[in-house]
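Atoms within a ligand are numbered from 1 in the order they appear, just like the ligands themselves.
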Amino acid sequence: MSVNDEFCRALPKVELHAHLNGSISESTMKTLTDMKGIKYDNKPQLMFEKDRNGTLEDAFRMFKMIHEVTDNTDAVYKITFDVIHDFAKDNVKYLELRTTPRSEPSSSMTKTTYVETVLKAINDCASEDLDIIVRLILAIDRRHTLDVALETVQMAVKYREKSNGVIVGIDLSGDPKKGTATDFIPAFKEAQKHGLKLALHLAEIPAPNETLDVLKQVKPDRIGHGTCLQQDIGGNKHIEQFVIDKKIPLEICMTSNITTMTVEGFDNHHFKYWYDIGHPCTICTDDKGVFTTSISEEYKIAARTFELSREELWELSYNSINYIFSNNDTKTLLQSKWKDLKTKIV
Ligand code: IMP
Ligand code: ZN
């Protein structure tokens, strides 16, 4: 039987690359803009229309506007709560959300109240009857300084204790055309020293020097995008070989890359190269709100573009469990859940 919408929705899934403020659904956004008295119709700039391409600059303009809408702890609570429910409804059984701690003087929100609010929403969802495990990754924005990055790592260490292990890692993200990833190496090392995992956006655009330096000096646990790792598309053979030798999983965000035109068309997506050589890959959304997609949709696109069967999609989803930033007990729990569901679905 071929892959269809129903199968992709029913497939149990792991989502490992989802930025909180980029993942807000249209209906949550409408509630928030109504609350702020902003007319939603005047704000199509908050998400791309379906199948409409733009640029990375467009996406970063949108994040700036979204942050104006989510500039207080009530809004941050609501988006976290709603985004978790959205993913749970789409049969995501394990979610690693990532977000950049942010202070907003206009509402007296501080980085501390921001992180505490996100953790409270995660905790409240955990006490509901939702079939989803949620973990949090704190993000470093490339536009910020090393001091800010070190502060983020400190917060991650402190709140990992306070949240009983909900925080699992550190991300590097933000506009790939700004800042230099190597500047943050001391922060990445500090995170590793404290047992935090690293999921770093690398080579979203050609940047071979910083990519190789970061890979060699800290060896991240996962790579976000990895669009330009290969020699023929802006990387080089040392980068490619390192990623292969160390088996560093790639977080694949196809619609995001096509929409921001960092990849020209689904057929040309680097997923095909890495998947075909058997490299660990996990299908993700990046920003399901901004890019008007869902994780089920991303699985469907992979199947349709690269002619993957139900069994192959199942394997992709099942193997993603290996790349989560949680302990072996959680992995075993998820693996047995997947096996139970398999006979009903595939
Ligand atoms: P937040 O961290 O929850 O505020 O989510 C939005 C932020 O995620 C943006 O401001 C960027 O820093 C980051 N982000 C989202 N998508 C991308 C991407 O494709 N590349 C790099 N950074 C991104
Ligand atoms: Zn991302």
Side-chain angles (χ1 to χ4, degrees), residues 15-24 28-29 32 46-48 53-73 75-84 95-104 109 111 114-115 117-119 121-122 136-144 148-149 152 155-156 167 169-179 181 184 198-205 207 210 220 222-228 250-263 282-293 295 298:
E15 166 65 87
L16 301 182
H17 187 140
H19 300 270
L20 176 59
N21 281 269
S23 300
I24 308 168
T28 301
M29 189 60 89
L32 291 176
L46 295 170
M47 48 186 65
F48 286 93
N53 292 350
T55 61
L56 270 174
E57 284 77 17
D58 292 332
F60 284 96
R61 252 193 309 276
M62 289 180 192
F63 292 129
K64 194 163 175 286
M65 298 186 75
I66 292 168
H67 286 158
E68 287 170 19
V69 179
T70 63
D71 66 351
N72 60 84
T73 49
V76 170
Y77 182 89
K78 179 164 178 60
I79 62 171
T80 311
F81 188 88
D82 286 6
V83 164
I84 292 171
L95 166 66
E96 282 176 15
L97 265 183
R98 58 185 78 188
T99 197
T100 326
R102 177 161 47 101
S103 61
E104 292 282 358
M109 179 166 78
K111 288 185 183 183
Y114 182 94
V115 172
T117 303
V118 172
L119 287 170
I122 292 174
L136 186 65
I137 294 172
L138 295 189
I140 294 168
D141 189 318
R142 304 172 55 101
R143 282 165 295 196
H144 294 161
V148 173
T152 306
M155 289 185 87
I167 295 185
I170 289 289
D171 149 279
L172 174 74
S173 52
D175 188 341
K177 294 182 178 162
K178 308 257 165 73
F184 302 104
L198 295 178
L200 308 182
H201 285 62
L202 285 177
E204 193 173 354
I205 57 173
E210 70 163 32
R222 295 196 308 254
I223 293 175
H225 298 297
T227 311
C228 305
L250 301 183
E251 301 160 352
I252 300 291
C253 312
M254 285 189 281
T255 297
S256 163
N257 301 149
I258 305 308
T259 308
T260 56
M261 297 202 292
T262 50
V263 173
T282 179
I283 303 264
C284 308
T285 51
D286 206 9
D287 299 283
K288 73 177 179 58
V290 163
F291 299 120
T292 321
T293 188
I295 181 110
E298 295 302 302

Grab the two heavy atoms, one from [X] and one from [Y], that are nearest each other, plus how far apart they are.
X: D141; Y: F184; result: O-CZ, 4.0 Å
X: T55; Y: M261; result: CG2-CE, 4.4 Å
X: P101; Y: Y114; result: CA-CD2, 3.8 Å
X: E251; Y: L16; result: OE2-O, 4.0 Å

Inset, instruction - Could you please compute the angle at the Zn ion (ligand 2) from NE2 of H201 to OD1 of D286, rounded to 10°? - result: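 Approximately 170° at the metal, rounded to tens of degrees.
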
Inset, instruction - To 10°, measure the NE2(H17)-the Zn ion (ligand 2)-NE2(H19) angle for me. - result: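 Vertex at the Zn ion (ligand 2): approximately 100°.
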
For [atom], what is the nearest protein heavy atom, given as residue, atom name and distance?
atom: atom 2 (O) of ligand 1; result: T100 OG1, 2.6 Å
atom: atom 16 (N) of ligand 1; result: D287 OD2, 2.7 Å
atom: atom 21 (C) of ligand 1; result: G174 O, 3.1 Å
atom: atom 17 (C) of ligand 1; result: H19 NE2, 3.7 Å
atom: atom 19 (O) of ligand 1; result: D286 OD2, 2.9 Å
atom: atom 3 (O) of ligand 1; result: T99 OG1, 2.6 Å
atom: atom 18 (C) of ligand 1; result: E204 OE2, 3.5 Å
atom: atom 4 (O) of ligand 1; result: H67 NE2, 2.7 Å

Legend entry - Distance-only donor-acceptor check, side chains R222 and T282, under 3.5 Å: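 No, no side-chain donor-acceptor pair sits under 3.5 Å.
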
Inset, instruction - Would you mind finding which of F60, F291, F63 brings a heavy atom closest to atom 15 (C) of ligand 1? - result: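 It is F63 whose heavy atom sits nearest to atom 15 (C) of ligand 1.
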
Inset, instruction - Kindly assign one of parallel, tilted or perpendicular to the pair H201 and H17, based on the angle between their ring planes and the thresholds 30° and 60°. - result: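 H201 vs H17 ring planes: perpendicular.
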
Inset, instruction - Mind telling me whether Y77 and F81 have parallel, tilted or perpendicular rings, with 30° and 60° as the class edges? - result: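 Rings of F81 and Y77: parallel, under 30°.
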
Check each atom of ligand 1 against the heavy atoms of [X] and keep those under 4.0 Å away; list them by number with element.
X: H201; result: 20 (N), 21 (C)
X: D141; result: 12 (O)
X: L20; result: 3 (O)

Inset, instruction - Using a strict 4.0 Å threshold on nitrogen-to-oxygen distance, state whether K177 and D175 make a salt bridge. - result: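 No, no charged N to carboxylate O under 4.0 Å.
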
Legend entry - Side-chain ion pair, K288 and E298, N-O less than 4.0 Å: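 Between E298 and K288 there is no salt bridge, as every charged N stays at least 4.0 Å from the carboxylate O atoms.
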
Inset, instruction - State if H225 counts as touching ligand 1 under the rule of any non-hydrogen atom under 4.0 Å. - result: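 Right, H225 reaches ligand 1.
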
Legend entry - salt bridge (charged side-chain N to carboxylate O under 4.0 Å, His left out) between R142 and E210, worked out: CA-CA 12 Å; R142 304 172 55 101; E210 70 163 32; 3.1 Å; yes

